[in-house]
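Quick notes on the structure that follows.
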Amino acid sequence: MSISPDAELATLRTELAALQAYPREKLEEIIADVGFSCTCCGRCCTRSFNGHVFLLSTDAERLRTFAPEMLMPAPDFPYSDTSGNFYVSGYALRTKQNGDCVFLSEEKRCIIYEDRFSICRIYPYMLHREPDRRGHVDWRQISGVDEHGEYDCSISSEDVERIASEVISYETAYLEQELSFHEALIAKFSQDGVRFVRRDHDRRSREFMKGDAHAVVYVWDGQIFRREEAVPFDYR
């Protein structure tokens, strides 16, 4: 369920401040304690573990240079205008029909591993707040424990520091992209005289998901809104 852009903007500013205040030493301790080692099993690149991979603007721009057809508007479009156009904060990586990453080979290997995207480089580490099953909001620093890869491995202090730095950089860039999206959206809606109505938006979203018609989606690329078309099949 979408909330107003203004309310979400305030929440994002709070989240960024919390991230900036998070002790780096605590994250480093968690990384060292978890001791994750990738075994190249490829499981994190399948629908069983992840849905659409959200791309930072820099990643989307890089993908546009060698495989632009693999870009798609990120799912769960949070806003729409009175003309029925949707708006979303960035692009996602297209998946195969079975939900696996398009760059995952039949041998379960990433075919662009050396040039993989930001989220792929830090996974399974992360640093953001989200609610648990009881609705309690707390920090989440790792995903998929004991579900892929190896754990309790020895990691050098240099690697621990590097991983922590990359994780914080990614989460900061993600929040900054969300902030700039909401600021741009609020400015656009104000200029166009558009008032976001959640009830109408939720109805449009349900109709899109249940139907077959394409939808116009304006995707924030970090600088401007790009007009794209979305097909319901890609989001089911």
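Summarising the geometry of Arg24 relative to Glu161, their closest heavy-atom pair is NH1-O, 4.4 Å, with the distance given to 0.1 Å. Between Phe208 and Val231, the closest heavy-atom pair is CZ-C, 3.8 Å. Taking each heavy atom of Cys101 and Leu93 in turn, the nearest pair found is SG-CD2, 3.5 Å. Closest heavy-atom contact between Ala230 and Val217: CB-CG2, 3.7 Å. Nearest heavy-atom pair, Leu185 versus Pro5, reported as atom, atom and distance to 0.1 Å: CD2-CG, 4.0 Å. Counting all heavy atoms, side chain and backbone alike, Leu56 lies closest to Ala173 at CD1-CB, 3.9 Å.
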For this session: Please assess Leu55 against Leu71 for the test side-chain contact (heavy atoms from CB on, under 4.5 Å), listing each intermediate value before the final yes or no.
Result: CA-CA 9 Å; Leu55 300 173; Leu71 284 170; 3.7 Å; yes

Problem set entry | Verdict with reasoning, Asp192 to Lys188, per salt bridge (Lys or Arg N to Asp or Glu O under 4.0 Å) | CA-CA 6 Å; Asp192 296 345; Lys188 178 174 175 53; 3.1 Å; yes

For this session: Walk me through it: do Phe36 and Cys153 pass the test side-chain contact (heavy atoms from CB on, under 4.5 Å)?
Result: CA-CA 6 Å; Phe36 174 79; Cys153 301; over 6 Å; no

Exercise. Glu228 and Tyr91: side chain to side chain donor-acceptor pair (under 3.5 Å), yes or no, with the steps?
Worked result: CA-CA 10 Å; Glu228 306 284 359; Tyr91 288 93; 2.6 Å; yes

Problem set entry | Worked check of side-chain contact (heavy atoms from CB on, under 4.5 Å) between Ile142 and Ile30 | CA-CA 9 Å; Ile142 190 169; Ile30 292 171; 5.5 Å; no

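Looking at Glu183 and Arg13, a side-chain N of the basic residue comes within less than 4.0 Å of a carboxylate O on the acidic one, giving a salt bridge. Ion pairing of Asp115 with Arg62 is present here, as a side-chain N (NZ or NE/NH1/NH2) and a carboxylate O approach within less than 4.0 Å. Taking a cutoff of 4.0 Å between a charged side-chain nitrogen and a carboxylate oxygen, Asp234 and Arg94 qualify as a salt bridge. Residues Glu15 and Arg129 are paired through a salt bridge, judged by an N-O separation under 4.0 Å between the basic side chain and the carboxylate. Note on Asp100 versus Lys108: salt bridge recorded, some NZ/NE/NH1/NH2 to OD/OE distance being below 4.0 Å.
Side-chain contact between Ser118 and Cys120 is absent, with no heavy-atom pair separated by less than 4.5 Å. Contact of the Pro78 side chain with the Val88 side chain is registered, since non-hydrogen atoms from C-beta on lie closer than 4.5 Å. Met72 places a side-chain heavy atom less than 4.5 Å from the side chain of His52. Counting heavy atoms from C-beta on, the side chains of Pro232 and Met209 never come closer than 4.5 Å. Under the 4.5 Å side-chain criterion, counting only non-hydrogen atoms from C-beta, Leu175 is not in contact with Glu171. The side-chain heavy atoms of Asp138 and Asp132, taken from C-beta on, include no pair separated by under 4.5 Å. Looking at Ile163 and Ile122, their side chains never come closer than 4.5 Å, going by heavy atoms from C-beta outward.
Tyr174 and Tyr125 fall within the same hydrophobic cluster, where Ile, Leu, Val, Met, Phe, Trp and Tyr residues are linked whenever their side-chain heavy atoms come under 4.5 Å apart, directly or through other members. By the criterion of side-chain heavy atoms lying less than 4.5 angstrom apart, applied directly or through intervening Ile, Leu, Val, Met, Phe, Trp or Tyr residues, Ile224 is not grouped with Leu179; the two fall into different hydrophobic clusters. Linking ILVMFWY side-chain heavy atoms closer than 4.5 Å, directly or via other members, places Leu104 and Val102 in two distinct hydrophobic clusters. Both Trp139 and Ile31 are members of a single hydrophobic cluster when ILVMFWY side chains are connected at heavy-atom separations under 4.5 Å. No single ILVMFWY cluster, assembled from side-chain heavy atoms under 4.5 Å apart, contains both Val197 and Val194.
Looking only at distances, no side-chain donor or acceptor of Ser190 sits under 3.5 Å from a matching main-chain atom of Ile186. Remark: the backbone N or O of Ala10 is paired with a side-chain donor or acceptor of Thr14 at under 3.5 angstrom. Proximity of a side-chain donor or acceptor of Arg140 to a complementary backbone N or O of Met126 within less than 3.5 Å is not detected.
In this structure, Glu130 places its CD atom where more than 12 heavy-atom neighbours from other residues, nucleotides or ligands lie under 6.0 Å away. The number of heavy-atom neighbours closer than 6.0 Å to CD of Gln223, taken from other residues, nucleotides and ligands shown, is 12 or below. Surrounding CZ of Arg162 are more than 12 heavy atoms belonging to other residues, nucleotides or ligands, all under 6.0 Å away. Heavy-atom contacts from other residues, nucleotides or ligands closer than 6.0 Å to CZ of Arg199 number 12 or fewer. Counting heavy atoms of neighbouring residues, nucleotides and ligands inside a 6.0 Å radius, atom CG of Asp76 does not exceed 12 of them. Taking a 6.0 Å sphere around OH of Tyr151, one finds it holds more than 12 heavy atoms contributed by other residues, nucleotides or ligands.
Donor-acceptor pairing under 3.5 Å is lacking for the side chains of Glu150 and Thr39. Counted by atom type alone, Tyr22 and Gln141 present one or more donor-acceptor pairs between their side chains at under 3.5 Å. Tyr218 and Asn85 share no donor-acceptor pair across their side chains, judged by distance under 3.5 Å alone.
The aromatic ring centroids of His182 and Tyr79 lie less than 6.0 Å from each other. Between Tyr87 and Phe181, the distance separating the two ring centers is not shorter than 6.0 angstrom. For Tyr235 and Phe77, the ring centers sit closer than 6.0 Å to each other.
In this structure, OG in Ser205 is found 12.0 Å from CZ in Arg198, a value given to the nearest 0.5 Å. In this structure, Trp220 CH2 and Ser89 OG are separated by 11.0 Å, a value rounded to the nearest 0.5 Å. For the atom pair OG1 of Thr95 and CE of Met70, the computed distance is 10.5 Å after rounding to the nearest 0.5 Å. Here OH of Tyr170 is found 12.0 Å from CG of Leu127. Values are rounded to the nearest 0.5 Å. Put simply, CG on Leu19 and CG on Leu12 are 12.0 Å apart, with the number rounded to the nearest 0.5 Å. Rounding to the nearest 0.5 Å gives a distance of 7.0 Å between CZ of Arg64 and CG of Asp221.
Remark: Arg109 fails to qualify as a cation-pi partner of Phe103 under the 6.0 Å distance and 45° angle criteria applied to the six-membered ring.
Note: Phe86 and His201 have perpendicular aromatic rings, judged against thresholds of 30 and 60 degrees for the angle between ring planes.
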